[in-house]
Amino acid sequence: MRWSRSLIPTLKETPAEAENKSHVLMLRAGMIRKLGSGTYSYLPLGQRTLNKITAIVREEMDAAGALEVLMPALWPAEIMARSGRLEVFGDDLIRFTDRHGRQGVLAPTHEEVITALVRDNVASYRQLPLNLYQIQTKFRDEVRPRFGVLRTREFIMKDAYSFHADQESLEETYRDMHDAYCRIFERCGLDYVVVEAESGAMGGARSEEFMVSSSVGDDLYLECAACGYAANAERAEVGAPPSAAERKADPQLREVPTPGASTVAQVGGMLGVAPEQIIKTLIYRADGRPVAALVRGDHELNEAKLARALGAKSVEAADAETVESATGAPVGFAGPVGLEGIEMVADPAVLRIENGVTGANRAEAHLVGVVPGRDFQPGRIEDIHTASDGDPCPRCGEAMKLSHGIEVGHVFQLGTKYSKLLNATFLDASGRERPYVMGCYGIGVNRIAAAAVEQLADERGIVWPPAIAPYEVVVVPLDMSDEKIVAAAEEAYEALRQVGADVILDDRRDRPGVKFKDADLIGFPLRVVVGKGYLKSGELELQVRRDGSQSDVPPGELGGRVRAMLEQLVRLLDPPEV
RNA sequence: CGGGGCGUGGCGCAGCCUGGAUUAGCGCGCCAGCAUGGGGGGCUGGAGAUCGCGGGUUCGAAUCCCGCCGCCCCGACCA
């Protein structure tokens, strides 16, 4: 491609709306332009990157035995009404009414359609397992689209769905998909972490997310550097806290007035104690029955963990009436001391508090000098707080690190949830009718591009991993009025095309500075410069965007050298073996 | 949904509070020309704006008032 024939509107200045790295740089590099909130056009450069990503995704999906299909994005609303997800998605669903007054939606994900498709066209276990995927635009009316292409209302997703006769078969495909995902993200040059994810209420279901560490990531996950345990913050288990040293103090339990102070922050402020010393007592309803859940003041109760610990189907915060009848005090003054007639679950961290503060079960009063074990005895001790930075790893006990991450992929064992809901069954070998066991697997295509920019960009601009760069190499003639230079650049361009390199020739009649700045901004992995040096020595300069290194190359060796360097760059970008 | 902010040539901004002389200004980009050719450089001359939309106040509105629309940020929500 000749630069002068393409459409690459680079920007010197940052558009006011852009905040984070990938948004600013993709806009400035002329890859994307915004149409409305959360909707973007991809210009030639942006589309090339997207195409490279989808090509990698296709290759790996096909290699893993998945079959590509294409389903509609435009649905009659009743499809989702039938599965009950009209309510589940709620306002996230983009709805419309057509000319006949029929209700429609734009597809946010495809479980219903694929399940019905397989139900109606597959009937026997002989055809299983079956793994179908598509690469297609999804629509979600995000409450707040943000961070450029990272969170949009319209995005490209690779979604795959697998159908099995049994759990064992599902697990095999699940592993294959997991491995294919690892290869995809490695090939895309991303440094990623696979984290355990919250699987929801359905027991047995497994789920993992693929995270790219980034400060603009919307997800939180914990990682243990010592043993490699990693999990989404909602999911992460917390190991036992280090065993308490001998108690130094034996504080006296007494009640103090705390008028108007009902939150941890207020109580802490009024009594001059740190949140870590406060025992937060939360009254919940687990399948209807009230329970008291105790966590440290600086910790957050994790409802999924509480439900699991109690073996409850659902837990919800109790209403004010329940709280009052259970504790005898208004909301905000509950405490474990003297609390009777209600099941009590305490987080292990609570038991390490030496001199605690907690509600007195009386309005406007708290207890100080509380010693767990001495002043109250919880019925159960369970990990029920949401993991936070520094919490001990559940496997090895080392401190875990909390990071923000961009979720670029997600694999999930669905089980029979949708097949049962939609009555999708097959006949097994003994002629029995059984629901499909299903898995689903998603990848955010645009997000991979944005995540790569977030992760690798430097002060000069984007640094593309070669596999997803819009062009692998740019040839830059520095003086378009010099025939020798132009001729040499044309030859280099041809030579690179001959060896199959993805190359663009910057044939604009601009000054060198403009060309260098643009090349840096867009982030082509390699740059071939033809200028004074060539006139003197007859050699071309080969420059590496990533580290700024350069070397002289005789024109005859250019093709081979570029190929070799691109391969080397791919290896440099490989994440360390996990 | 709550809070904050913004809409002025393609982009970044000024002007608005204290209506009128600014012909709506500046920088970047764009077009033509000259010189230049190793990091967004210089000179000359141009093109390009119904000041988000609608209504109102006024002799007069980019500027004041009302309504609407769009966009951004923080938070809540959601996966």
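Here is how names work: the chains are called A, B, and so on, in the same order as the sequence lines, proteins then strands, and each is numbered from 1.
OP1 or OP2 of rG29(B) has at least one side-chain nitrogen or oxygen of Lys12(A) nearer than 4.0 Å. The side chain of Ser37(A) places an N or O atom within less than 4.0 Å of a non-bridging phosphate oxygen (OP1 or OP2) of rC72(B). A close approach under 4.0 Å does occur between a side-chain nitrogen or oxygen of Arg144(A) and OP1 or OP2 of rC74(B).
With rounding to whole Å, Arg153(A) atom CZ is found 14 Å from rC72(B) atom C1'. Atom pair Asp479(A):CG and rA35(B):C1' shows a separation of 13 Å (rounding to whole Å applied). Atom CZ of Phe210(A) is separated from atom C1' of rA79(B) by 16 Å (rounded to the nearest Å). Taking atom CG of residue Leu540(A) and atom P of nucleotide rG38(B), one finds them 17 Å apart after rounding to whole Å. Taking atom CZ of residue Arg509(A) and atom P of nucleotide rC34(B), one finds them 11 Å apart after rounding to whole Å. Between Glu541(A) atom CD and rG39(B) atom P there is a gap of 12 Å when expressed in whole angstrom units. Computed from coordinates, the Lys532(A) NZ to rU36(B) P distance equals 14 Å when rounded to whole Å. With rounding to whole Å, His410(A) atom NE2 is found 16 Å from rC78(B) atom P.
With a 3.5 Å ceiling on both atom-pair distances, rG29(B) lacks any Watson-Crick or G-U wobble partner. Summarising the base pairing, rU50(B) is matched to no nucleotide, lacking a Watson-Crick or G-U wobble pair whose two defining distances lie under 3.5 Å. Within the shown strands, rG5(B) is the pairing partner of rC71(B) under the Watson-Crick or G-U definition, both distances less than 3.5 Å. Both distances falling under 3.5 Å, in either a Watson-Crick or a G-U wobble arrangement, occur for no nucleotide opposite rA35(B).
With hydrogens and angles ignored, no donor-acceptor pair closer than 3.5 Å exists between the side chain of Arg28(A) and the base of rG29(B). In terms of polar N and O atoms assigned as donor or acceptor, the side chain of Arg511(A) never comes within less than 3.5 Å of the base of rG37(B) in a complementary pairing. Under 3.5 Å, the side chain of Glu17(A) and the base of rG7(B) form no donor-acceptor pair of N or O atoms. Between the side chain of Glu13(A) and the base of rG27(B), at least one donor-acceptor pair of N or O atoms lies under 3.5 Å. Below the 3.5 angstrom threshold, one finds no donor paired with an acceptor across the side chain of Asp510(A) and the base of rG37(B).
Of all nucleotides listed (rC78(B), rC71(B), rG39(B)), rG39(B) comes nearest to the side chain of Lys517(A). Of all nucleotides listed (rG40(B), rG39(B), rC78(B)), rC78(B) comes nearest to the side chain of Arg151(A). The nucleotide whose nearest atom lies closest to any side-chain atom of Asp518(A) is, among rC72(B), rG40(B), rG38(B), rG40(B).
Spacing between rG33(B) and rC11(B) at atom P, rounded to whole Å, works out to 27 Å. Only the P atoms considered, rG48(B) is 34 Å distant from rG37(B), to the nearest whole Å. Nucleotides rC53(B) and rA61(B), compared at atom C1', are 16 Å apart to the nearest Å. Rounded to a whole angstrom, the distance from the P atom of rG56(B) to that of rG3(B) is 30 Å. Comparing the same atom, C1', in rC64(B) and in rC17(B) gives a spacing of 10 Å after rounding to whole Å. Comparing the P positions of rG15(B) and rU22(B) gives a spacing of 15 Å, expressed to the nearest Å. One P atom belongs to rG41(B), the other to rA79(B), and the distance between them is 50 Å to the nearest Å. Separating the C1' atom of rA35(B) from that of rC71(B) is a span of 44 Å, rounded to the nearest Å.
Base engagement by Ser481(A) is indicated by at least one non-hydrogen atom pair under 4.0 Å involving a base atom. Using a 4.0 Å heavy-atom cutoff across all strands shown, Asp482(A) reaches no nucleic acid atom at all. Among the atoms of the strands shown, only primed sugar atoms or phosphate atoms (P, OP1, OP2) are found under 4.0 Å from some heavy atom of Lys34(A). Within the nucleic acid shown, Leu478(A) comes within 4.0 Å of at least one base atom, counting heavy atoms only. Using a 4.0 Å heavy-atom distance criterion, Arg527(A) is classed as a base contact. Residue contacts for Gly36(A): at a heavy-atom cut-off of 4.0 Å it reaches the sugar-phosphate backbone alone, with no base atom in range.
Across Lys21(A), Arg545(A), Arg546(A), a single residue satisfies salt bridge (charged side-chain N to carboxylate O under 4.0 Å, His left out) together with Asp458(A), and that is Arg545(A). Glu17(A) pairs with exactly one of Lys34(A), Arg146(A), Arg33(A) by the salt bridge (charged side-chain N to carboxylate O under 4.0 Å, His left out) rule, that one being Lys34(A).
Between Thr10(A) and Asp92(A), the one whose closest nucleotide on RNA chain B sits nearer the 5' end is Thr10(A). Looking at which nucleotide of RNA chain B each of Asp218(A) and Ala16(A) is closest to, the 5′-most match is held by Ala16(A).
A donor and an acceptor atom, one from each side chain of Ser207(A) and Glu209(A), are nowhere located under 3.5 Å apart.
Using cut-offs of 30° and 60° for the angle between ring planes, the Phe524(A) and Trp3(A) rings count as perpendicular. Classified by interplanar angle (parallel below 30°, tilted 30° to 60°, perpendicular above 60°), the ring pair Phe163(A)/Tyr436(A) is perpendicular. The aromatic rings of His23(A) and Tyr40(A) lie perpendicular to each other, with more than 60° between the two planes, well past the 30° mark.
His110(A) has its ring centre no less than 6.0 Å from the ring centre of Tyr133(A).
A salt bridge links Glu490(A) and Arg2(A); the closest N-O separation between the charged side-chain nitrogens and carboxylate oxygens is under 4.0 Å.
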